[in-house]
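Chain letters run A, B, ... following the sequence lines, proteins first, then strands; residues in each count from 1.
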There are 2 protein chains.
Amino acid sequence: MSLRHALLGLLAEKPGTGYVLKKRFEQSLANVWSTETSQIYPELARLESEGLIIESARGPRRSKTYTVTPSGLVEIRRWLTEIEPNRSSRNEALLRVFFYFLLDEEEINRLIRKEIEYHRDLLASYEEIEKQLRASPNIGDQFGRIVLEWGLRYEPAFKEWLEWANARAKRAHRTTEGAPRQTRPVAKVRGTKSA
Amino acid sequence: MSLRHALLGLLAEKPGTGYVLKKRFEQSLANVWSTETSQIYPELARLESEGLIIESARGPRRSKTYTVTPSGLVEIRRWLTEIEPNRSSRNEALLRVFFYFLLDEEEINRLIRKEIEYHRDLLASYEEIEKQLRASPNIGDQFGRIVLEWGLRYEPAFKEWLEWANARAKRAHRTTEGAPRQTRPVAKVRGTKSA
DNA sequence: CTCGTCATGTAAAGCGTTACATGATTTC
DNA sequence: GAAATCATGTAACGCTTTACATGACGAG
């Protein structure tokens, strides 16, 4: 249940409405966590009913500003310090590379170049954010800056790996040429489909 | 729907039963994708009913070996080359760091050290796999090796960042000392809770 | 004959995404 | 007064995880 703690954390930083929380997800947490409004509003209602946040203000368009309560603060600290983080990760890009043996050299090259472009742009956007942070150093963005730093280190490393992978994929294809993994019969059909 | 294509890809590499597919997920794809048997078996049944795989053999304990069909091969190639990869990522470790402003220096230090240990062990396991691959170079593991290489590059980079983050967190705490973000009243309560 | 592992599945609950619905306020 | 944006929510569907159930085979 990371979403509820993400909401608690954001509200601990600064109270806000569901709408602004969504914006904050998109701006500061885009590459770390994401969610939809359809998940935010019910979760805020649940957090309120559990007393972890309170509706502290009503604004113009029947907007509700929520503020974290003392027990909400206790809860997020408990989560941070006592709950083992879920470290399982999924990376569809890597999963795909795993199956590149099914493609020819040219297609692999095209796909990897596309990835490189994507990550080049992502790095550029991180650098832009970093520039802005440097221009107006907001006390309080310290840990956001630390997370951003990871993006600034990750992207160049990933790009280098993609380039390495592209070169290596060519070599892999050359060495397996004429000996494809798929062409020999792999299993004798012993049973028959019965449904 | 990455799971179905992961299954197709694994079966394209080598036919197998649901049980061995689960093992292969754990061995080769652990850090890339994961799934449970409760997801594998229904998905295999669906893939078979769609003609993308066939039950090619029956073994001892009523085990069913599946093999990818020509249309299954077409499908996974289509997925690889024509479907835009889902690049959205979630990283709970980074999400947590974002909220470290709620903790004191000592706790942050403890948490970061724990992460460093975890990733140290993960890197060691990757290095072990790499050693084994080098010892018995299996043609066909080429792209698995390429994916592994990312792990061998990622882990040291992440560790360095964790160390940097730890040092920087200390600095961040010192500069915000006596000016915590949470202590001033953040919102006037204008409305009242009505449910 | 017992234990471990191989092997396949179902059920239920939780989490996440997509689609849809509605209305209020500000800006031009 | 029209359009953009602010703002909150529901419904349905799909994916993922946890828990449970069952049984076959092989080793000792």
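- Residues B:Ser88 and B:Tyr66 each lie close to DNA chain C; by heavy-atom proximity, the contact nearer the 5' end of the strand is made by B:Tyr66.
- Looking at residues 25-43 of chain B, you'll see B:Trp33, B:Glu36, B:Ser38, B:Gln39 sit with a heavy atom under 4.0 Å from some atom of DNA chain D.
- A salt bridge links B:Arg96 with B:Glu92: the closest approach of a Lys/Arg side-chain nitrogen to an acidic carboxylate oxygen falls below 4.0 angstrom.
- Taking the ring-ring contact (aromatic ring centres under 6.0 Å, His included) definition, one finds that A:Phe158 meets it with A:His119, A:Tyr154, A:Trp161, B:Trp150, sequence neighbours left out.
- For the pair B:Thr17 and B:Arg90, both in contact range of DNA chain C, the more 5′-proximal nearest nucleotide belongs to B:Thr17.
- Distance CZ/A:Phe25 to OG/A:Ser34: 8.0 Å, rounded to 0.5 Å.
- Other residues, nucleotides and ligands contribute only 12 or fewer heavy atoms inside 6.0 Å of the CD atom of A:Glu106.
- Taking a cutoff of 4.0 Å between a charged side-chain nitrogen and a carboxylate oxygen, A:Glu84 and B:Lys114 qualify as a salt bridge.
- Taking B:Trp33 as the reference, nothing meets the ring-ring contact (aromatic ring centres under 6.0 Å, His included) condition, with sequence neighbours excluded.
- Of the charged side-chain nitrogens involved, none lies within less than 4.0 Å of a carboxylate oxygen, so that A:Glu50 and A:Arg46 do not count as a salt-bridged pair.
- In this structure, CZ of B:Arg58 is placed 16 Å from C1' of C:dC6, rounded to the nearest angstrom.
- For the helix from C:dC1-D:dG28 to C:dC28-D:dG1, the angle separating the two terminal helix axes comes to 20°, with each axis derived from five pairs and the value rounded to 10°.
- Between atom CD of residue A:Gln39 and atom CG of residue A:Leu44 there is a gap of 11.0 Å, rounded to the nearest 0.5 Å.
- For the atom pair CG of A:Leu21 and OG1 of A:Thr35, the computed distance is 10.5 Å after rounding to the nearest 0.5 Å.
- The pair B:Glu43-B:Arg4 meets the salt-bridge criterion, since a charged nitrogen lies less than 4.0 angstrom from a carboxylate oxygen.
- A salt bridge does not link B:Arg110 to B:Glu107: none of the charged nitrogens lies less than 4.0 Å from a carboxylate oxygen.
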Restricting both atoms to N or O, compile the protein contacts to nucleotides 26-28 of chain C shorter than 3.5 Å, with distance only.
unit_1	atom_1	unit_2	atom_2	d
C:dT26	O4'	A:Arg61	NH2	3.4

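- From the 5' end on, the contacts that DNA chain D makes with chain A at under 4.0 Å to a non-hydrogen atom open and close at D:dC6 to D:dT17.
- As rounded to whole Å, 12 Å separates atom P of C:dC15 from atom CD of B:Glu92.
- Remark: A:Arg87 CZ is packed, more than 12 non-hydrogen atoms of other residues, nucleotides or ligands lying under 6.0 Å away.
- At a threshold of 4.0 angstrom between heavy atoms, the contacts of A:Arg4 with the nucleic acid are absent.
- Summarising the local packing, NZ of B:Lys159 is surrounded by 12 or fewer heavy atoms from other residues, nucleotides or ligands at distances under 6.0 Å.
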